[in-house]
Colleague: 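Below are the structure tokens for one structure; questions will follow.
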Amino acid sequence: MGSLKKEEEMGQIGEESKEAIVYVNGVRKVLPDGLAHLTLLEYLRDIGLTGTKLGCGEGGCGACTVMISHYDRKTKKCMHYAVNACLAPLYSVEGMHVITVEGLGNHKRGLHPIQESLARSHGSQCGFCTPGFIMSLYALLRSSETPPTEEQIEESLAGNLCRCTGYRPIVDAFRVFSKTNNALYTDISSLSLQEGEFICPSTGKPCSCGSKAVHDIGTNEQPICSTRYKPISYSEVDGSAYTVKEFIFPPELLRRRLTPLNLSGLGGLKWYRPLTVNDVLELKEKYPNAKLLVGNTEVGIEMRLKRMPYQVLISVAHVPELNIINVKDDGIEIGSAVRLTELLNLFREVITQRPANETSACKVFIEQLKWFAGTQIRNVASVGGNVCTASPISDLNPLWIAARAKFRIIDCNGNIRTTLAENFFLGYRKVDLTSNEILLSIFLPWTRPFEYVKEFKQAHRRDDDIAIVNAGMRVCLQEKSEEWVISDASVAYGGVAPLSLCAIKTKEFLIGKKWNQDVLQGALNVLRTDIVLKEDAPGGMVEFRKSLTLSFFFKFFLWVSHQIEGKKSIKESVSLSDLSAIKSFHRPPLVASQDYEIRKHGTSVGSPEVHLSSRLQVTGQAEYADDSPMPPNGLHAALVLSKKPHARILSIDDSGAKASPGFAGIFFAKDVPGSNKIGPVVLDEELFASEFVTCVGQVIGIVVAETHENAKLAARKVHVEYEELPAILSIEDAVRAESFHPNSQKCLKKGDVDLCFQSDQCEMIIEGKVQVGGQEHFYLEPHSSLIWTLDSGNEVHMISSTQVGFTNKGKVLALDLEIYNNAGNSLDLSLAVLERAMFHSDNVYEIPNVRIFGSVCFTNFPSNTAFRGFGGPQGMLIAENWIQRIALELKKSPEEIREINFQGEGSILHYGQQLEHCTLAPIWNELKVSCDFLKVREEVDGFNLHNRWKKRGIAMIPTKFGISFTTKFMNQAGALVNVYTDGTVLVTHGGVEMGQGLHTKVAQVAASAFNIPLSSVFISETSTDKVPNASPTAASASSDMYAAAALDACEQIKARMEPIASQHNFGSFAELVTACYLERIDLSAHGFYITPNIGFDWSTGKGKPFSYFTYGAAFAEVEIDTLTGDFHTRTANIFMDLGYSLNPAIDVGQVEGAFIQGLGWVALEELKWGDAAHKWIPPGCLYTCGPGSYKIPSLNDVPFKFNVSLLKGNPNVKAIHSSKAVGEPPFFMASSVFFAIKDAILAARAETGHTGWFPLDNPATPERIRMACLDEFTAPFVSSDFHPKLSV
């Protein structure tokens, strides 16, 4: 692709050009005027590069990641970095080279090593996030002179989210590009290897992953860890080169000089790119309300999501005066346009060059920036942008205040003034800048001897999350009369006021005081009055936020005291137990194992084959709905949605919409030609609301226009007049008002509960209530439909009221349970979800007497629907709560109570089904041995004894998940198999491939049936003209049913072929097929399967709803910070019985992905609705929508040690080839983390004498963890029975 001349030879070649030029994957593109409204993502997708995905549209998921390269004339280097294309304005990449996933490799040209590694490592499931992960790593490798460390690789992925895989296979795929210990390769003999043993480059230990004993029949693929990729070369212009096809930086862009830009966009939008500060000031004088931007990470969200109508945008990214970095004798001057990544690198360099006492402030910025947004955001966001946005939860502004920073401000006349950071912030997003001023630079002074600065932050999630509360604190100490006296101090908080707030009273109290326990207690007392949060403060969690202000200061006091230990004049030292409060969090590289046996059946079944779509997904060639090109004259639609939770529609004015640009049509209930009633089971919803709306977001109408933006604009112009009506906004409201969906109350009974409670059998009886939080599906792929002619939702919330009777030994004798779930404003699938919750409310426990009532509540929320597990996990979570309550009452371990009550072979369940082939005991016992439970229990107790402010907890949790649709007629499946004369086979079945590997497993079954290579089998996409009347792809039963249907079709064809096959010895399958064809034998068959021997009668409450059960158990160890509620999972061990797996690699991926999804449910993902518990949110509105406010697990949330084992030697006689279903059963295994957290909280509460039962709702967020750990810092704000609010 050409060579590069030396920079000095290129100098000033050519004259200035006013063309806007960008290179995309090596191809020159001229950008015409008029596109200032477009993002880079929109442009790339418009020109057909759809591998770059639109996920969240706010820079929070990483699906849109691309690599940008530009030549830095200051350093004479080519800079390579990842950016979010969804936020990058198109013209911001003028003069740069954009590389997308298509530029790395493709199916025809060959895959890039990164793509190949991820595909072979089973690192994609649905594949939507895959291109973003690949581009994040690619940018890291291109910018690294030496291979990065595993830690750097994991850090580079902080801005990328995955909903499917659980992250482990992605990390494994990428770690082969990291640094290794060279001794592993140069001194092999020291490892005492046996002959033929292989060193895995991922772990550096002997393993069998490079062995050729098991290989893919008919393919040449080798296991990924037998290959390690190394950079071929590195140059300061090219970056790392991994293949000879790597793109270089276009020589034209090296020669080309930057020119100012003056361009436009739709709606009169103006885009300027000045190249000097004087030009910036001239533009600011001309357009006082213009927005200055560098990375567009804030302005872009304001314009697109908050619809702020800015008309003039000034890109100051290339203004030299705003990009200065000047290290001086008295501190550092940092230009306001300096990117956060540059700032981080600057501070890392400075602390190696300056005396340690001078760089205390630099170190806090390094620590805080590590958790600031994702890599893609830090690469483009500027220091000045963060400062001037003046967000009340800015992570950096409290640090600037605490560190005595000064802001230099310049006006349009060139006058410069300086102000202290603590005086710069005036109110909510209001700063000390007039309309004719801009922030020029920031001056950060060096810290003085015995001056200490520290950062603090607590968020819902560590990686890429905004703060709940953050802080910057500083003290300067001087020695006076053999005492340390505070000569200067600063305490600044974010997240407790409309602006970054300096605790003035606390500062004044501290100065002049001696540094000792008295000053700590005094400062804590002052802080309570200095930081005031009203009960209805936006953001809620008021008690938690108040407690954090005290906890942070306590941590600061301990940290400073520890820093000055050993210095003279120190009379008080920090106890070893208290040191746990200030131990910094450092995540070690992920260590994981997957243990399974390969039971091959024929050519393919049982083999850990790679997902059939993986190579298309890693190259961006897999096509999703939104990637489909619009047909000519296609129109776009947008919905008109209700803004009230319950109201009568008085009138609709659509005149504004009809006058909107590009308008093509608008439709309401009166325009529906047929019935306006819809619903998956019961027709209780309206397609378009006619007279009443019953939730916020209910569809009132639909607007059609020429473009998507015009459709959305027109929809916003529809004005609806309402008469508001009373709304039911919680389960408790619904129960009080007896607001239930019709015919939705159910009952299951076994034995005689009342008689048992009244008899002497029950030596103890407990009562309680469990609240189970909901969960967003949070698909990364946006909802979209493309419709042409030829001739969304959340998981159900749940509350249970429970009464349990048991003996003094812990044997449960009776369970009386009432379950209520929140269906929202329509029934949808909520009744079936409730039924499964009732079926699973015993989990794995033998209970002689059971009575379960269930009710489906009608509320004025958008209709809820099923999530992974379909109600099963909710029922089992209720059971595990009363198990733990019994353990506390009897002062026994929960594991002991579980074992006393285990079901076994032949147990009769509360709905009449008898357990067969129960593998609970071997799974539980193997897990207990593998994690060395008793030893770990002892170690955890020892840790907790010696650490006051960090506590560890452990838990072992079992599961039993019923496999089958509980509605009998749905347990049927069809498949069509066609055999062609070239020996290939085409299978079409009724199941939907959504990343779970269904197509791959069905193809493996077909390949083994015909004894042909997997590469000879093809799957046709699901289509109702091939296989009609398909059941939903759900209930974890799809592989069982559709693989069996495909096998039925294959067997029919084989039976027809048998007479021909028996007559001749054919050299290949193709020869046999051709011979059959010549004999006019039908080589096409429709297969069909019904799940046998199932059925349940709700009128009697008895039957056999499930064909069989998938069993599992999980162990988890966690560590919590009792002062902040932060936690991490140290270890997770999972054992599952999946029979003889059809594809163990895919099944392990399902286990890992389900576990991490479940981790989100139990510990991270909280839905906050406008209800009585959250009055700061408009009634009926969802606050937590999008990655900015709703937090799914990130890579940083994966357990440090993550081990998955499949039970060996236990075939399942009830399903195809002795396999078992896997999709939903592992989800509940993550509750082991929840109960380990609760175990750790118990240890914390014991420190203050609270040893009894306490409720802990899921998700166990930092707020719930911290407020349950009662201590002197929560006592001023809550009582011991405080219960954080939950939307249910």
Side-chain angles (χ1 to χ4, degrees), residues 24-27 40-55 61-67 82 85-86 98-139 160 162-165 169-170 173-174 219 221 224 242-243 245-247 609-631 779-782 784 786 986 992-1000 1003 1014-1015 1017-1023 1146 1149:
V24 179
N25 295 333
V27 178
L40 174 60
L41 175 65
E42 290 166 328
Y43 175 77
L44 292 172
R45 295 182 64 80
D46 283 348
I47 63 174
L49 296 174
T50 56
T52 308
K53 305 299 182 189
L54 171 61
C61 71
C64 65
T65 304
V66 298
M67 188 183 86
C86 72
V98 179
I99 296 182
T100 71
V101 69
E102 293 93 341
L104 271 64
N106 59 46
H107 214 44
K108 293 180 180 177
R109 192 175 81 227
L111 271 59
H112 189 280
I114 298 174
Q115 296 168 323
E116 189 74 53
S117 183
L118 193 64
R120 290 190 186 181
S121 298
H122 310 278
S124 69
Q125 288 185 23
C126 87
F128 195 81
C129 69
T130 302
F133 273 95
I134 286 171
M135 294 313 300
S136 288
L137 179 67
Y138 181 71
N160 294 82
C162 176
R163 196 51 156 162
C164 303
T165 66
I170 299 174
F174 288 174
T219 74
E221 293 183 350
I224 183 59
Y242 280 80
T243 73
K245 299 178 181 178
E246 211 74 68
F247 284 113
E609 303 284 355
V610 167
H611 196 295
L612 292 182
S613 302
S614 61
R615 295 175 74 82
L616 293 175
Q617 291 168 344
V618 299
T619 57
Q621 293 173 283
E623 190 174 281
Y624 300 81
D626 193 37
D627 300 333
S628 304
M630 280 288 287
Y779 310 103
L780 287 175
E781 180 184 2
S784 63
L786 180 61
L986 179 65
V992 177
E993 174 62 59
M994 57 191 87
Q996 82 278 40
L998 175 59
H999 281 356
T1000 308
L1014 181 60
S1015 57
V1017 181
F1018 298 85
I1019 301 289
S1020 176
E1021 287 306 314
T1022 307
S1023 177
I1146 282 178

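These numbers were taken from a predicted model, which means no experiment stands behind them.
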Colleague: What pair of heavy atoms forms the shortest contact from Thr1000 to Leu612, and how long is it?
Modeller: OG1-N, 3.0 Å
Colleague: What is the minimum heavy-atom distance between Tyr624 and Gln617, and which atoms define it?
Modeller: OH-CG, 4.0 Å
Colleague: So, for Met135 and Ile99, which heavy atoms are closest and what is the spacing to 0.1 Å?
Modeller: CE-O, 3.2 Å
Colleague: Let me confirm one number: the OG-CD distance from Ser124 to Gln115, rounded to the nearest 0.5 Å.
Modeller: 11.5 Å
Colleague: Could you tell me whether the side chain of Gln125 and the main chain of Gly997 form a donor-acceptor pair under 3.5 Å?
Modeller: no
Colleague: Thinking salt bridges, do Glu116 and Arg615 make one under a 4.0 Å N-O criterion?
Modeller: yes
Colleague: Is any side-chain heavy atom of Val618 closer than 4.5 Å to a side-chain heavy atom of Leu104?
Modeller: no
Colleague: Just how far is it from atom CE of Met994 to atom CD of Glu781, taken to the nearest 0.5 Å?
Modeller: 11.5 Å
Colleague: How long is the gap from CD on Gln621 to OG1 on Thr50, to the nearest 0.5 Å?
Modeller: 9.5 Å
Colleague: Set out, in order, the CA-CA distance, both residues' side-chain angles and the distance that settles side-chain contact (heavy atoms from CB on, under 4.5 Å) for Glu623 and Leu616, then state yes or no.
Modeller: CA-CA 9 Å; Glu623 190 174 281; Leu616 293 175; over 6 Å; no
Colleague: Say whether, by atom type as modelled, one donor and one acceptor occur between the side chain of Thr65 and the main chain of Gly62 under 3.5 angstrom.
Modeller: yes
Colleague: Hey, could you give me the CD1/OG1 distance between Ile134 and Thr100, rounded to the nearest 0.5 Å?
Modeller: 11.0 Å
Colleague: Is the shortest side-chain heavy-atom distance between Thr1022 and His999 below 4.5 Å?
Modeller: yes
Colleague: If you look at every heavy atom in Asn160 and Ser136, which pair is closest and at what distance?
Modeller: OD1-OG, 2.7 Å
Colleague: Is a donor from one side chain sitting under 3.5 angstrom from an acceptor on the other, for Ser784 and Asp626?
Modeller: no
Colleague: Check step by step if side-chain contact (heavy atoms from CB on, under 4.5 Å) holds for Lys53 and Asp627.
Modeller: CA-CA 9 Å; Lys53 305 299 182 189; Asp627 300 333; 2.6 Å; yes
Colleague: How long is the span from the NE2 atom in His122 to the OG1 atom in Thr165, to the nearest 0.5 Å?
Modeller: 12.5 Å
Colleague: Roughly how far, to the nearest 0.5 Å, is the CG atom of Leu40 from the OG1 atom of Thr52?
Modeller: 7.5 Å
Colleague: Test Leu118 against Leu137 for side-chain contact (heavy atoms from CB on, under 4.5 Å), laying out the working first.
Modeller: CA-CA 11 Å; Leu118 193 64; Leu137 179 67; over 6 Å; no
Colleague: Which atoms form the tightest heavy-atom contact between Val610 and Ala119, and what is the distance?
Modeller: CG1-O, 3.3 Å
Colleague: Between Tyr779 and Phe128, does the side-chain contact (heavy atoms from CB on, under 4.5 Å) criterion hold? Intermediate values first, please.
Modeller: CA-CA 9 Å; Tyr779 310 103; Phe128 195 81; over 6 Å; no
Colleague: If I compare all heavy atoms of Asn106 with all of Thr619, which pair ends up nearest, and what's the gap?
Modeller: CA-CG2, 3.6 Å
